[in-house]
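Because only heavy atoms are used, hydrogens play no part in the values below, and waters and symmetry mates are left out as well, while side chains stay in. Each ligand, and each atom within it, is numbered from 1 in the order the structure gives.
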Amino acid sequence: MGGVENVWIYVIIGVVILAGAIAYGVNLTRGRGGDTRTLDREAPSAPGLPGEDLDRRPPAATDTVAPPKAPGTAAEVETAGPQAPPAPTEPAAPTIERPESARGRLARLRARLARSNSALGKGLLALLSRGKLDEEAWEEVEDTLIASDLGVEATTELVDSLRLRVKVDGTTDEATVREWLREDLLKLVQPDMDRRIASSRVGDRPAVVLVVGVNGTGKTTTVGKLARVLVAEDREVLLGAADTFRAAAADQLETWGARVGVVTVRSDKDGADPAAVAFDAVKAGIEEEVDVVIIDTAGRLHNKVDLMNELGKVKRVIEKQSPIDEVLLVLDATTGQNGLQQAKVFAQAVDVTGIVLTKLDGTAKGGIVVAVQRQLGVPVKLVGLGEGPDDLAPFDAEAFVDAIIA
Ligand SMILES: Nc1nc2c(ncn2[C@@H]2O[C@H](COP(=O)(O)OP(=O)(O)OP(=O)(O)O)[C@@H](O)[C@H]2O)c(=O)[nH]1
Ligand SMILES: [Mg+2]
């Protein structure tokens, strides 16, 4: 039995030793595990604080260096990206176009003016040369003139004058009536109005031209075409893209300018303050000693008070450094009476000094020239006669009337 008891004692001792060994082993593992974690944590956090910085520096560097630039220069960096690849210097030498001179274009566009207005002239002459000018015929003459947007007042004046002449003279001879019609129309178009555009330096500063109007009337196109007219006259022109409503507007203007080597001052940010851009443009024009600064503005509905106030602000801000010599209101000739309403409101918001009548090609509503001049007491200075780059001409009263009754 003593031998058996000894065996048990050995077994028990063995189990105890084994249990102790296992317990020690687990502790070791835990201990190491714990230590490892702490070490791992401590290692980066203690020697690691600078280490962390180093690790983060590359990404952090771009994050922190870029943001300060971001507000101002990130846009530049972004645009520099796409612009850089197509070899910076190569496309920087676009061929500068030589625009048509004002005189040349008028002769070319006269035919277009005649085509659009001849319906009116033909209608009138056909009526007047009928031989029998009774009440009904005169009413038809009136209707034709009113349909051309001449306006009721001017129409009445014209018809009354013609009726009187026909009555006194007793003739309905076509050539005679045509001459009377020409004289009376010319009187209505007021050939003695001053239609020159401010485009020469005034003292030691450039002339400043502001271009306004409702959406889509042809403002930007007109600014671009006008720049061409002036470049053809050897004027140094600078453009201001104060239509900050959409970036494409500035691009559109810049493209017009670049074609004739004219610089455009613009903002790269959509929704930038248009008054600030206009201010910068005039400032640049003064510094660069150009002859004329032309500022394009965003289209705005005349019945939107906020937008009209914004236009007033643009004007006031420009005037902080230079008087404005010309405010051109661009009207679409095809919009008729609505154009007159626009003219009235714009004239109240900014002192309009001249009208540009666009899209006169393809409309027989040339009578709007008379109506708008009478309403505002402001001359039509330019007419748009097509979408081509040189399809803008100085308004010439005689040519206009001749086109109607040609
Ligand atoms: N037929 C014809 N089209 C013209 C004439 N003037 C401008 N246009 C066209 O009218 C459209 C509008 O011209 P824009 O110059 O962009 O008009 P806008 O007033 O600047 O427009 P917003 O800036 O959007 O208010 C374009 O398709 C021009 O080509 C013109 O005299 N005759
Ligand atoms: Mg525009």
Could you pull out every donor-acceptor pair under 3.5 Å between side chains of residues 223-232 and any protein atom, sequence neighbours left out?
unit_1	atom_1	unit_2	atom_2	d
Lys225	NZ	Gly386	O	2.7
Arg228	NE	Asp390	OD1	3.0
Arg228	NH1	Glu97	OE1	2.9
Arg228	NH2	Glu97	OE1	3.0

**Prompt:** Can you find a side-chain donor-acceptor pair between Asp296 and Thr220 that sits under 3.5 Å?
**Reply:** yes
**Message:** Salt bridge or not between Arg266 and Asp251? Use side-chain N to carboxylate O under 4.0 Å.
**Reply:** yes
**Prompt:** Are a donor atom and an acceptor atom from the side chains of Ser200 and Asp291 found within less than 3.5 Å of each other?
**Reply:** no
**Asked** In the protein, what heavy atom is nearest to atom 24 (O) of ligand 1, and what distance, to one decimal place, separates them?
**Response** Arg246 NH2, 3.3 Å
**Item:** atom 15 (O) of ligand 1 - nearest protein heavy atom and its distance
**Value:** Thr221 OG1, 2.3 Å
**Prompt:** Near the Mg ion (ligand 2), which protein N/O/S atoms fall under 2.8 Å?
**Reply:** Thr220 OG1
**Request:** Would you mind listing which atoms of ligand 1 come within a distance below 4.0 Å of any non-hydrogen atom of Gly299?
**Result:** 25 (O)
**Asked** Between Arg196 and Asp194, is the closest basic N to carboxylate O distance under 4.0 Å?
**Response** yes
**Asked** If you measure from CD on Gln373 to CD1 on Ile355, what distance do you get to the nearest 0.5 Å?
**Response** 8.0 Å
**Message:** Within 45 degrees of the ring normal and closer than 6.0 Å to the centroid, is that where the cationic atom of Arg259 sits relative to Trp256?
**Reply:** yes
**Request:** Considering only non-hydrogen protein atoms, determine which one is nearest to atom 16 (O) of ligand 1 and report residue, atom name and distance to 0.1 Å.
**Result:** Gln252 NE2, 3.1 Å
**Request:** Report the C-alpha separation of Glu289 and Arg201 in whole Å, then their side-chain angles, then the decisive distance to 0.1 Å, and conclude whether the side chain to side chain contact (heavy atoms under 4.5 Å, CB included) test is met.
**Result:** CA-CA 9 Å; Glu289 300 186 351; Arg201 286 177 69 77; 4.0 Å; yes
**Message:** If the cut-off is 4.0 Å to any non-hydrogen atom of Asp361, which atoms of ligand 1 fall inside it?
**Reply:** 1 (N), 2 (C), 30 (C), 31 (O), 32 (N)
**Request:** Before accepting this row, confirm whether a basic side-chain N of the pair Glu142/Arg163 lies closer than 4.0 Å to the acidic partner's carboxylate O.
**Result:** no
**Salt-bridge present (Lys381, Glu326; N to O < 4.0 Å)** = yes
**Item:** Subset of ligand 1 atoms that lie under 4.0 Å from at least one heavy atom of Leu385
**Value:** 31 (O)
**Request:** Considering the heavy atoms of Gly384, write down every atom of ligand 1 situated less than 4.0 Å from one of them.
**Result:** 31 (O)
**Prompt:** How far is atom 27 (O) of ligand 1 from its nearest protein heavy atom, and which residue and atom is that?
**Reply:** Glu387 OE1, 3.2 Å
**Request:** Could you check atom 22 (P) of ligand 1 against the protein and tell me its nearest heavy-atom contact, residue, atom and distance included?
**Result:** Gly216 N, 3.5 Å
**Message:** Quick check: do Val209 and Leu328 have side-chain heavy atoms less than 4.5 Å from each other?
**Reply:** yes
**Request:** Answer yes or no: does an N/O atom from Thr222 fall short of 3.5 Å to an N/O atom of ligand 1?
**Result:** no
**Request:** Examine ligand 1 and decide if any of its atoms is less than 4.0 Å from a heavy atom belonging to Asp391.
**Result:** no
**Prompt:** For Thr297 and Asp243, what are the C-alpha separation, side-chain angles and deciding distance, and is it a side-chain hydrogen bond (donor to acceptor under 3.5 Å, both in side chains)?
**Reply:** CA-CA 4 Å; Thr297 59; Asp243 180 353; over 6 Å; no
**Numbered atoms and elements of ligand 1 in range of Asp243, under 4.0 angstrom, heavy atoms** = 23 (O)
**Message:** Check this for me, if you would: do Arg165 and Glu183 make a salt bridge, where the nitrogen-to-carboxylate-oxygen distance has to be below 4.0 angstrom?
**Reply:** yes
**Complete:** In this structure, atom 11 (C) of ligand 1 is nearest to the protein heavy atom Lys359 NZ, 4.1 Å
**Request:** Around atom 18 (P) of ligand 1, find the nearest protein heavy atom and jot down its residue, atom name and distance.
**Result:** Lys219 N, 3.4 Å
**ligand 1 contact by Gly386, heavy-atom criterion under 4.0 angstrom** = yes
